[in-house]
Every structure is written in structure tokens, then in C-alpha cells.
Amino acid sequence: MTDQTYLVTGCGGFIASRVCHQLLRDGHRVVGLDNLNDYYDPQLKRHRIEQLGTDRFTFHKMDIEQGDQLKPLFDQNKFSAVFNLAARAGVRYSMENPHVYLSTNTVGTLNLLDEMQRTGVTKFVLASTSSLYAGQPMPFVESLPVNTPISPYAASKKGAEVMAYSYHHLYDIDVSICRYFTVYGPASRPDMSILRFTRWIDEGTPIELFGDGEQSRDFTYVDDIARGTILAGKPLGYEIINLGGGGTPVSINQLIAMLEERLGKKAKIDYKPFHQADMKSTSADITKAKELLGWTPEVSLAEGLDASVEWYQQNKPWTAQIPLP
């Protein structure tokens with residue numbers, strides 16, 4: 001993977017921007033597209049894109065839901081692979097607006113696969129989610145049946161996965177599906193728990209905690225996720241690969257305590273009923289990632305939280321103005 005050209009969708013997003021960063025760091029050319037929608041403040045997306053400034057990066061304001069917009073992009077570039085990280089994310093909001101999740105996550109994926117098939121691009125990497133494993137025994141392994149998604153978000157990602165399989169079967173497109181586990185780090189989405197909790201603790205605003213806080217997550221640092229995503233760009237046929245912390249899940253109560261320590265402040269907590277679309281716990285079996293990609297996470301939760309809180313403190317003057325969904 002030297003001196004190649006890659007398409008990265010959703011390049012203003014939390015994870016995709018780090019994928020772009022690592023590809024550019026390694027000397028590649030990156031074509032990034034993002035529709036800069038207002039699910040959360042586009043100012044944060046622009047901040048991430050600004051960090052990618054180099055003559056090897058080209059940005060297009062474009063929507064993967066609009067298939068006709070993609071045609072000239074594929075005609076004008078010879079892509080070695082497509083990294084599809086453009087997505088509507090967030091379990092709870094998907095219950096309020098399920099149609100946009102289907103159109104972006106599933107139909108958008110289909111549009112990209114269509115253009116790949118038309119122009120002969122043979123490698124597709126799809127960002128998927130641990131949310132598909134709801135109700136399955138832990139640690140989650142990729143061979144588990146994931147046919148009972150409990151949110152429109154998870155259902156839309158399942159649709160994208162099986163659409164990618166169809167194009168692998170019909171047109172021999174090489175597909176890697178990366179199922180991410182609770183990604184966190186600097187410049188994260190404002191609807192994600194760590195940024196929300198950090199800001200609320202710092203400001204003295206009560207944390208809205210759904211459940212008793214003993215629900216747990218397999219937290220994974222964003223740069224580890226980006227590295228694994230890029231490693232998945234190698235020829236594999238059709239594979240589903242977990243990218244997660246691979247250790248013991250950490251409870252929300254533990255997470256809050258770690259943030260309190262870093263901020264030097266105590267959290268105020270407003271307990272709410274547990275949300276029916278949430279999962280009680282997540283834990284990734286990452287054996288496959290180790291065997292196929294040589295990937296294991298390198299950044300501990302303690303190190304990752306240090307970096308996350310440091311970014312928050314450094315950028316507080318303007319991030320404090322960003323609404324928390």
C-alpha cells in the first residue's frame with residue numbers, strides 16, 4: 001500500500017479523519033468526501049478536515065446518498081480502495097429519524113459499490129458496529145448470527161454488510177467489514193459519552209446517566225481503530241473483523257471516576273431509566289484481527305483519556321459553544 005490513491009467517505013468524521021491522517025502520513029493520496037450534515041455542529045467536522053491540509057488531500061462536499069454525484073469522482077480517479085466511513089451514527093437518534101439512517105448507511109453503501117463495480121475498483125472497507133451483537137454471548141465473535149438488531153442504526157449497518165456481500169459474490173469485490181467497539185479519543189463526536197461527560201463534569205452540569213452505570217463497554221482508542229481499518233485494506237476476500245479493546249469491559253461508573261480524576265472535579269449524576277435500544281455490555285474477541293491483520297490495540301484507556309481530556313482543555317474556548325445533542 002505505497003503511493004496509492006484512496007477514497008475515504010465521511011472524511012470530516014471522528015474516525016474517518018484519523019484514517020485520512022494516517023494514510024497521508026504514510027505518503028498516499030487521499031480523496032475525501034463528506035456532506036457536512038448538521039447531525040452535530042459542522043464546525044467540529046471542519047476542524048478535523050483543516051488538520052489534513054496537504055497537497056495530497058482533496059476534499060469534496062458530497063453526499064453518498066446521491067449516486068449521480070459519485071460518478072465523476074470515480075471517473076476522474078483510479079482508487080486502490082474505498083474506505084466507507086460515511087454514516088449516520090447514534091443508536092437513540094436512529095429511533096427518531098430511521099429513514100435517513102437507511103438512506104445513508106445502506107443505500108449510500110450501495111451507491112459506492114455500484115460505482116466500484118462500474119469502474120473496476122476492487123477493494124472495499126466498510127465501517128460497521130458492535131451494536132449488531134445485541135443479545136449475543138460475550139466476548140463477541142464475528143461468526144455469531146446478528147439477525148436481530150435492536151435499533152434502526154444497527155439494522156441499517158446490517159443492510160450495508162449484506163449488500164457488500166452481494167457485490168463480493170456477484171462482482172468479486174474484495175470486502176473487509178470492520179465492526180468497531182465504542183471508539184473514543186480527541187475531537188470525538190459531541191453525542192459520545194466521553195466528551196459529554198468531560199464537559200458536564202468540568203462545567204458542573206449533571207451527567208444524564210441511563211441506568212445504574214454498571215453497563216460496560218469495550219472502549220477502543222480512535223488511532224488504534226484507524227490503524228486497524230487501514231490494515232483491513234489488504235486483499236482478504238470477504239471478512240468481518242472486530243476492532244475493539246479486547247480486554248475487560250469498563251463500566252460507565254469506572255469511566256466517570258477516571259474522568260473525575262483527570263479533571264479534578266466530582267461529577268453530579270442525574271439517573272435516568274435504562275434505554276431499551278442500549279446494550280448492557282460489549283466485549284470484543286479480537287483473535288481474527290490479530291491473525292488476519294496483525295492488529296492489537298496499543299493505547300490503554302488511561303492514555304486515551306489523558307489525550308481526550310487534554311484536547312478538551314486546549315480547545316475549550318470554542319468547543320464549549322458546540323451544542324451537545
Side-chain angles (χ1 to χ4, degrees), residues 1 4-10 16 19 31 33 63-71 73-75 77-88 101-134 136 140-149 151-180 228-244 284-295:
M1 289 175 61
Q4 305 290 319
T5 299
Y6 297 101
L7 175 63
V8 180
T9 70
V19 170
V31 176
L33 65 85
D63 195 329
I64 63 171
E65 295 179 42
Q66 308 300 322
D68 57 336
Q69 294 183 8
L70 298 173
K71 292 185 186 300
L73 200 65
F74 277 81
D75 287 335
N77 295 276
K78 184 172 177 56
F79 296 122
S80 299
V82 172
F83 292 88
N84 182 25
L85 284 85
R88 296 286 181 152
Y101 279 73
L102 182 68
S103 59
T104 298
N105 297 354
T106 308
V107 176
T109 295
L110 171 60
N111 290 339
L112 290 165
L113 289 164
D114 256 349
E115 286 305 307
M116 291 177 64
Q117 185 270 328
R118 182 179 70 84
T119 58
V121 182
T122 58
K123 181 66 197 190
F124 187 62
V125 181
L126 173 67
S128 192
T129 175
S130 61
S131 295
L132 285 168
Y133 290 116
Q136 303 291 335
F140 300 137
V141 294
E142 294 88 345
S143 58
L144 286 167
V146 289
N147 299 318
T148 54
S151 69
Y153 167 61
S156 69
K157 282 297 193 179
K158 174 70 174 181
E161 289 191 2
V162 296
M163 190 65 71
Y165 181 81
S166 296
Y167 273 65
H168 164 70
H169 174 75
L170 292 170
Y171 307 115
D172 206 28
I173 291 176
D174 194 291
V175 175
S176 297
I177 293 170
C178 298
R179 288 182 180 159
Y180 298 152
T229 301
I230 292 168
L231 288 170
K234 65 194 270 190
L236 289 170
Y238 178 91
E239 293 289 351
I240 298 170
I241 305 166
N242 288 338
L243 296 180
D285 183 313
I286 58 171
T287 303
K288 200 172 182 181
K290 293 176 185 175
E291 292 175 349
L292 293 181
L293 308 180
W295 179 91

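All values derive from a computational prediction rather than experimental measurement.
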Side chains of residues 154-161: which donor-acceptor partners sit under 3.5 Å, not counting sequence neighbours?
residue, atom, partner, partner atom, Å
S156, OG, N105, ND2, 2.9
S156, OG, P152, O, 3.4
S156, OG, Y153, O, 2.7
K157, NZ, A127, O, 2.6
K158, NZ, N147, OD1, 3.3
E161, OE1, R179, NH2, 2.7
E161, OE2, S128, OG, 2.6
E161, OE2, R179, NE, 3.0

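To the nearest 0.5 Å, atom OG1 of residue T109 and atom CG of residue N84 are 4.5 Å apart. To the nearest 0.5 angstrom, R118 atom CZ is 13.5 Å from L113 atom CG.
Applying the salt bridge (Lys or Arg N to Asp or Glu O under 4.0 Å) rule to D114 yields no partners; only residues at least two apart in sequence or on another chain are considered. Residues meeting the side-chain contact (heavy atoms from CB on, under 4.5 Å) test with K78, sequence neighbours left out: none.
Annotation for L293 and K234: closest pair CD2-CD, 4.1 Å, computed over non-hydrogen atoms.
Side-chain N or O atoms of E142 include one that pairs as donor or acceptor with a backbone N or O of N242 at under 3.5 Å.
Donor-acceptor pairing under 3.5 Å is recorded for the side chains of T229 and Y180.
In this structure the side chain of F74 reaches within 4.5 angstrom of the side chain of V82, judged on heavy atoms.
Classified by interplanar angle (parallel below 30°, tilted 30° to 60°, perpendicular above 60°), the ring pair Y165/H169 is parallel.
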Quiz item: Passes side-chain contact (heavy atoms from CB on, under 4.5 Å), D172 versus Y238? Steps please.
Solution: CA-CA 9 Å; D172 206 28; Y238 178 91; over 6 Å; no

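The side chain to side chain contact (heavy atoms under 4.5 Å, CB included) test with M116 singles out one residue from T122, N111, V121, and that residue is V121.
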